Protein chains: 2
Amino acid sequence: MPRRPPVSRRRKPHQDRAQATCDAILTAAARVLVKNGYEAASTNRIASEAGVSIGSLYQYFPSKEGLVMAVMERHRTRSLEGFEAELVRLASQPLPQAIRALVRQLLTTKLENPRLHQVLHELVPRMRQLGQVDPHEQRLFRLVRAFLAPRVAALRPRDLDMAVFILVHSVETLCIKAVSDRPDYLTNETFLDELCALMQGYLQPVGESVRPAPKRATGRGRSPASREISPRS
Amino acid sequence: MPRRPPVSRRRKPHQDRAQATCDAILTAAARVLVKNGYEAASTNRIASEAGVSIGSLYQYFPSKEGLVMAVMERHRTRSLEGFEAELVRLASQPLPQAIRALVRQLLTTKLENPRLHQVLHELVPRMRQLGQVDPHEQRLFRLVRAFLAPRVAALRPRDLDMAVFILVHSVETLCIKAVSDRPDYLTNETFLDELCALMQGYLQPVGESVRPAPKRATGRGRSPASREISPRS
DNA sequence: CCAGAATGTGAGCTAGGACTCACGTTCGCA
DNA sequence: TGCGAACGTGAGTCCTAGCTCACATTCTGG
């Protein structure tokens, strides 16, 4: 039962103490969201988990939705930063290597807190309904677009925006679905191979074959079924 | 605020009148879900929209969740039937044509009631949390697997289950995302081309090029940006 | 050390929604 | 035509969770 739209502007933290309270609330919110899901994550519960009173919570966040938005904001900003750094680093690499590194980066990021990624991802539509469109998605799109633009001549898709739409959404979703349905995939090197194959097969001009560098002399031959992903192999 | 787990078993409709009531409730539920979303779709609202009393609703459905589950059940069963029929019809077709027909079928189905598809799709995680795993997904996976199995020798992926996972989730999600973010894509023939390219590029052995039949002599050259999808072209 | 600002507290208000139940109405059937 | 079962009704119960507000505590600058 959300009360009416939050009119009163909320306090901004000025002292360190206040900032700490804010952080504690955000962290607790993330924890409770992961543990109980959105429905069961009551603001009272979050406050008590954070070790502050419910009043304090509402001094810094206008509503439950506002709080969850802030959690998403913080979390996605961090993820994006990692991704962006990787993109920059790979700007001049050949496409197959770049793709592989990016997908690996994605999977590694998800592995840090899979459930949180999942929960927040599922919350996107609900938040969008109550707010404006998620600005991080916009940013992610622009980043990938900027990455692909210089190579467009060597790619099959003619409509770059559509290509970005397809690539970003499919890979992102596959990672999230893997979290919930097939957690083993997240650390399965074959899954990474397949994601790369998906992207390259899509981007590659028809008839051209960029055979991915003959893979792996990963010491003392492990069973291919259990090859594991490590960040930056 | 869901009350405690629904213990009492619900009435089953025996007379036609009762069946009609049931249908009215399911239909109204779908309508209200589309119009207001899950949160705002109160059972009282659904009942009044259906033109029946709240008591009647709880005679046939054990809870709000139960009702929504039933809506999903009905809706997805219908979609799956169409898809399955198409799969059977295409069993012996060459892969590229089959893929194209299947993706077209998917898009056409979504176009019948895009918002309902979207809302129900977003509800899957919530329902899964409260119930058992969605059996339709299982069924869809088996169908696609059975479709691909006979052709596995000519395909690149070695792990068929993983391939199905990747194909189904990515295409399904792209359709749903298109509904919410880019409704124009749903009727954009280029989008269909790209989805097919995604799947074929993924399935195709590296180095092999099945150039899709030179497309379209669709009378009086329309702008490629506005080519529209019609069921079965 | 004190005034005033910033911060923190938590009992309680309130809306609103899931769900029940005691009672009417209609149907099938002999 | 009457009776029991199926069906339908909706006012009302119960409860939860979002949020406020009057007050206490801590900090900071002068």
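Chain naming here is simple, since letters A, B, ... match the order of the sequence lines and numbering starts at 1 in each. Note that this is a predicted model, so its numbers are computed, not measured.
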Which atom pairs, one a donor and one an acceptor, fall under 3.5 Å between side chains of residues 22-29 of chain A and the rest of the protein, sequence neighbours left out?
| unit_1 | atom_1 | unit_2 | atom_2 | d |
| --- | --- | --- | --- | --- |
| A:Asp23 | OD1 | A:Gln19 | NE2 | 3.2 |
| A:Thr27 | OG1 | A:Asp23 | O | 2.8 |
| A:Thr27 | OG1 | A:Arg74 | NH2 | 3.2 |

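Partners of A:Lys177 under the salt bridge (charged side-chain N to carboxylate O under 4.0 Å, His left out) rule, at least two apart in sequence or in another chain, do not exist in this structure. By the salt bridge (charged side-chain N to carboxylate O under 4.0 Å, His left out) test, A:Lys64 is found to be paired with no residue, residues two or more places apart in sequence or in another chain being considered. Checked against salt bridge (charged side-chain N to carboxylate O under 4.0 Å, His left out), A:Arg76 has the following partners two or more places apart in sequence or in another chain: A:Asp134.
Atom CZ in B:Phe61 sits roughly 15 Å away from atom P in C:dT20 (whole-Å rounding). Taking atom NZ of residue B:Lys64 and atom P of nucleotide C:dG17, one finds them 8 Å apart after rounding to whole Å. Between the CD atom of A:Glu65 and the C1' atom of D:dC19 there is a distance of 13 Å, given to the nearest Å. B:Ile25 has its CD1 atom 12 Å from the C1' atom of D:dT9, to the nearest Å. Protein atom OH of B:Tyr58 is 8 Å distant from nucleotide atom C1' of C:dG17, rounded to whole Å. One interatomic measurement links the two molecules: CZ of B:Arg45 to P of D:dG10, which rounds to 18 Å at whole-angstrom precision.
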Checklist entry - For every nucleotide of nucleotides 2-11 of chain C, 5' to 3': is a protein heavy atom under 4.0 Å from its base (B), only from its sugar-phosphate (S), or from neither (-)? => result ----SBBBBB
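Residue A:Thr43 has no polar side-chain atom (N or O) positioned under 4.0 Å from OP1 or OP2 of D:dA17.
Each side chain to side chain donor-acceptor pair (under 3.5 Å) pair with one or both residues in residues 159-171 of chain A, not counting sequence neighbours, appears once here: A:Arg145-A:Asp161.
Using a cutoff of 4.0 Å between basic side-chain nitrogens and carboxylate oxygens, A:Glu189 and A:Arg100 are scored as salt-bridged.
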